[in-house]
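Taking it in order: structure first as structure tokens, then the write-up.
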Amino acid sequence: ANRVPRRHIDDSAQTGSAGVVSYPTITNWLGISLHPNTWMFVNVLSFPLTHPQASAKHALAGKTGKHLLNAFNQIPGNETEKKTTLDQALRGVLGDQIQKTSCDDYLSLIYLSIDAVTEGICSATTPFVLLGDVLDCLPLDQCDKIFSFVEENVSTWKSNSFYTAGKNYLLRMCNDLLRRLSKSQNTVFCGRIQLFLARLFPLSEKSGLNLQSQFNLDNITVFNKNEQESTLGQKHTEEKEDGMEVEEGEMGEDDAPSNFTFSSIPIDYNLYRKFWTLQDYFRNPVQCYEKFSWMTFLKYSDETLAVFKSYKLDDMQASKRKLEELRASGGEHVYFAKFLTSEKLMDLQLSDSNFRRHILLQYLILFQYLKGQVKFKSSSCVLNDDQTVWIEETTKLVYQLLREIPPDGDKFATMVEHILNTEDNWNGWKNEGCPSFVKERTVDDKPKRPTRKRQAPEDFLGKGPDRKIFMGNDELTRLWNLNQDNMEACKSDSREFMPSLDEFFAEAIEQADPANMVEDEYKVVRNPNYGWRALRLLSRRSPHFFQPTNQKFKSLADYLDSMVSKLAKELPDIPSEEIKTGEEDDDDNGDNLLKDSNDSDKMVTNNQMDEIAAKLGAEWKALASHLEMKAAELREIETDSEDVDMQAKLLLVAWQDREGAQATVDSLVNALNAAGFSQIADSLNENNSRR
Amino acid sequence: MTSQLTAVLCRSSFDHQMAPKYNIQNHLQLFLFYIELVCIVCVLQLLHMSVFSQSFSPCGRYLAAGNNYGEIALFSLSAALSPDATVQSQKPVLTFTAHEGPVFTLISSDCHLLSAGNGEISAWSWTELIKKVTVSLNTQQPGKQHDLIIPEINAMIINPRDNSLVVGGGDNNVHILDLEHGVFKSVLQGHSDYIHCVSVREREADILSGSEDGAVRIWDSRMDQSVHCIEVYKYESCARPQYGKWISCVTTDSDWMLCGGGPSLSLWHLRSLSPTSIFPLTGCQRQAAFHQDMILAVGDGPFVSHCLLGGEVKAQIPCTPQSLNTLQLNTNSTEHRVLTAGGSSDHIEVFTNLSYRAFSLSF
């Protein structure tokens with residue numbers, strides 16, 4: 001224990017010197033302190049302090065928490081205050097015992113505190129505070145024992161009641177310990193601490209992660225750079241005097257006397273320096289992006305790799321028995337935290353397959369960093385083409401060299417490749433901001449039924465909200481499931497196929513217009529298919545279909561003709577179209593004849609018929625003979641109405657009904673003239689032309 | 001190089017006499033031109049240099065290397081291997097011209113460096129060389145029958161049994177020089193073409209020689225006659241007719257012999273005189289050496305080959321020269337125990353660890 005941790009100083013302040021608390025106010029005496037550092041107040045009050053501390057001592061002696069529980073119940077104050085008091089009492093006991101007793105006593109005290117926490121009589125942080133105190137105060141060899149206790153109780157620390165309260169304490173404790181330990185001497189202990197941290201924290205915990213991809217720049221490999229140090233003996237003494245801060249590569253392992261003799265084998269200092277200079281690039285790869293240092297790196301690497309390439313290693317099969325002996329003695333996995341950089345070792349290192357693998361692997365790792373996408377690499381850190389090409393080639397060379405290294409070189413190279421690929425994935429994970437490994441369950445995820453070998457009927461017979469029915473064929477299923485209710489489907493608007501009258505008859509009406517001069521045989525009404533459909537449509541849509549009529553139609557086409565003419569009168573848009581064409585003709589002055597004929601084609605309107613009927617009056621029968629009315633019809637008209645005006649009107653309507661499209665003003669005027677009603681004919685003509 | 005330089009300078013003075021009207025500016029221009037010329041010559045010389053031979057000093061701290069221009073360069077290994085080595089420490093500490101023609105072979109005795117080129121063997125004192133003084137102590141000319149033909153010396157080796165020097169070369173004969181008295185003791189005759197390489201079997205007092213005629217002859221140094229003659233190219237497993245039949249390297253280790261050249265590099269068992277392993281190396285091998293349980297070989301191709309005794313090629317360590325002529329392992333000093341290899345370049349490759357090239361020394 002070569003350092004005095006800060007927290008320990010706090011503790012010492014608590015023991016003895018009551019002067020820390022300078023204001024023993026009346027509220028304190030009443031035990032209703034709101035001061036956050038309640039231990040101060042506890043310290044002043046002699047009764048609440050001594051009592052639980054004594055009971056804690058008792059409890060420790062008897063190794064049960066009963067005394068504590070009793071003491072706890074006796075302390076006045078609210079729950080938090082009582083807990084704080086007990087915490088403080090436990091720390092006090094520890095403070096008294098420290099340096100006096102063995103590790104087991106500390107541990108039993110900590111066990112006691114754990115029990116107390118589970119009883120709910122002291123705060124959850126107490127065991128951790130106690131542990132921290134113990135580790136801070138003890139020398140390293142005893143810390144080892146305490147730490148094995150910490151390791152054994154990982155499950156306790158991970159339990160709900162302790163984890164959140166204690167994780168930061170544990171982390172701080174471990175870091176403090178790591179700082180005290182030598183990285184090269186206490187490798188095992190350091191490793192145990194790291195393993196413990198890995199077990200304690202979940203995988204997603206980021207505190208142990210090198211998020212910014214920083215390098216351990218302190219890891220400097222020291223080697224002899226200048227000739228003064230090169231004779232090993234000199235260097236050794238110098239080093240002792242220096243006492244440098246950096247972790248040194250362990251050089252000059254031999255005893256002093258042999259160091260003063262000259263090395264007995266020739267040493268290639270050139271390679272030696274270049275080789276170990278490369279370590280600096282592995283330590284801090286960002287150097288490679290600088291032009292000058294890259295050139296150096298390139299040169300040295302080429303030389304080193306050329307040496308590796310030329311220097312083939314022996315297959316160790318000859319000394320297999322020796323290897324087995326090594327393995328038996330546990331000496332195979334010799335691990336050095338640092339490289340040994342003595343120049344005398346260079347020759348041996350070059351012939352050491354493990355050493356060579358180390359160095360080659362360093363190359364691969366470096367290249368992976370240089371090539372890879374790393375989030376925290378600055379934007380200036382980009383390789384140019386030459387560099388990329390060189391790296392590609394050298395990577396190939398390194399893999400080839402790895403394969404050549406005798407014991408299971410192929411296997412090793414494959415393994416390395418695999419590991420580096422995995423590393424790539426981790427890198428990607430870090431670049432993405434370390435997303436959690438736990439996938440969020442989607443909210444509407446229903447619990448899955450156990451899968452059956454065969455589908456149950458309900459699986460395909462309309463289950464669920466859409467009641468889908470599986471027909472065994474995708475297309476059939478789709479058709480079947482267009483609508484679940486067939487009746488509804490039939491009623492739907494999309495099933496309405498019947499066209500409206502004007503839509504359907506538009507063509508026929510147009511053709512029926514004599515002005516269009518469509519010959520009878522080309523009219524659509526002559527098409528039996530059309531005729532049949534028209535009839536059906538009329539039956540559904542038109543009142544004319546059920547109107548009694550006396551006319552006898554020879555054919556369907558004739559009937560349709562009359563119907564079309566009736567519809568044409570009813571439908572509003574057809575005449576408007578006619579008017580429109582008339583207007584167009586008006587504009588065209590050169591075609592008067594056409595215009596006249598157009599005028600004369602005009603149908604007799606209802607108003608005109610009323611006027612005529614009024615003028616005719618009782619003389620309608622004179623006109624009837626000129627309108628080619630039959631006697632039966634006349635009789636019918638006479639029976640239908642007694643009013644002569646009405647009878648005249650009926651005559652005209654009957655005529656119109658019979659003539660259809662031919663019931664034009666012209667023909668009516670002709671008939672009137674022939675019947676001798678020229679006055680009426682003139683007025684009709686005038687009237688017509690005025691319109 | 002020096003001779004060429006003087007020739008150029010002579011010519012310059014000659015030109016000067018021919019054109020006495022030139023003013024001082026012209027002199028300067030001329031001078032600059034010569035400097036340029038000299039530089040070009042130097043560069044060309046470096047480009048076309050090849051290293052034929054090398055030898056370590058008895059102390060092991062120096063390396064002597066001979067090239068095709070007759071120069072011997074002395075390198076300080078201790079400087080080149082020191083931690084504060086610079087480019088300068090990879091340059092020779094001393095360069096001198098030893099022979100007229102190429103220095104084909106170099107060898108160190110206890111205190112001398114022996115070099116041989118066309119026809120003559122010179123001895124240089126290592127202690128003097130280290131002090132950078134070059135004095136030829138002794139010159140011998142073996143096998144000189146008449147003045148017109150000067151046979152070159154391709155290989156030398158010291159036979160420590162009787163402190164003699166075994167010399168093989170262009171006159172198809174192996175000469176044995178007594179180093180005590182400096183006289184030629186005997187001549188071993190039998191090869192029908194010039195000799196590439198010689199080797200000594202220390203235990204048996206046998207001398208081996210490899211020749212252009214494709215035979216490796218084993219001589220008994222006591223009886224001065226050929227005991228065995230192995231015609232490597234006649235063995236089907238070794239023969240490579242496309243490369244020829246010549247033997248360029250022979251080396252021995254107890255009962256084993258390594259030889260190669262035109263035929264494949266092969267390991268022979270000397271008691272049974274049969275090839276045990278053939279190494280599947282492409283090209284001709286110029287030098288091979290036993291090292292621990294391995295065989296190191298150099299030849300055509302820019303690499304040092306590591307072979308296992310069983311016949312497999314374990315590794316080929318790349319080097320800069322396109323082909324290598326010579327390979328030496330410094331066993332004289334553990335501190336500077338390096339492998340060096342030289343070839344068709346002014347560079348000598350240094351391997352501190354056998355498995356990779358550490359750096360190069362250069363002329």
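Computation of the quantities below employed the complete heavy-atom set of this structure, encompassing side-chain atoms and omitting hydrogens, waters and symmetry-equivalent molecules. Note on naming: letters A, B, ... go to the chains in the order of the sequence lines (proteins, then strands), and numbering restarts at 1 for each one.
With contacts defined as side-chain heavy-atom distances shorter than 4.5 Å, the pair A:Lys309/B:Pro318 does not qualify. Between A:Asp268 and B:Tyr356, some side-chain heavy-atom pair lies under the 4.5 Å cut-off.
By the neighbour-count criterion of 12 heavy atoms within 6.0 Å, atom CZ of B:Arg61 is sparsely surrounded, having that number or fewer from other residues, nucleotides or ligands. Within 6.0 Å of CG in B:Asp110 there are 12 or fewer heavy atoms belonging to other residues, nucleotides or ligands. By the neighbour-count criterion of 12 heavy atoms within 6.0 Å, atom NZ of B:Lys314 is densely surrounded, having more than that number from other residues, nucleotides or ligands.
For A:Asp347, the parts lying near chain B are the backbone and the side chain together; criterion is any non-hydrogen pair under 4.5 Å. For B:Ser333, no part lies near chain A; criterion is any non-hydrogen pair under 4.5 Å.
The backbone N or O of B:Ser355 lies less than 3.5 Å from a partner atom in the side chain of A:Ser310, making a donor-acceptor pair. With hydrogens and angles ignored, the 3.5 Å screen pairs no side-chain donor or acceptor of B:Arg357 with any backbone N or O of A:Val307.
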Atom pairs and distances, side-chain donor-acceptor, residues 281-288 of chain A, under 3.5 Å, sequence neighbours left out:
unit_1   : atom_1 : unit_2   : atom_2 : d
A:Tyr281 : OH     : A:Ser293 : O      : 2.9
A:Arg283 : NE     : A:Asp280 : OD1    : 2.8
A:Arg283 : NH1    : A:Leu217 : O      : 2.5
A:Arg283 : NH2    : A:Asp280 : OD1    : 2.9
A:Gln287 : NE2    : A:Asp280 : O      : 2.9
A:Gln287 : NE2    : A:Asp280 : OD2    : 3.4
A:Gln287 : NE2    : A:Asn284 : O      : 3.3

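Of the listed residues B:Asn353, B:Thr352, B:Leu77, the one with more heavy-atom pairs under 4.5 angstrom with chain A than any other is B:Asn353.
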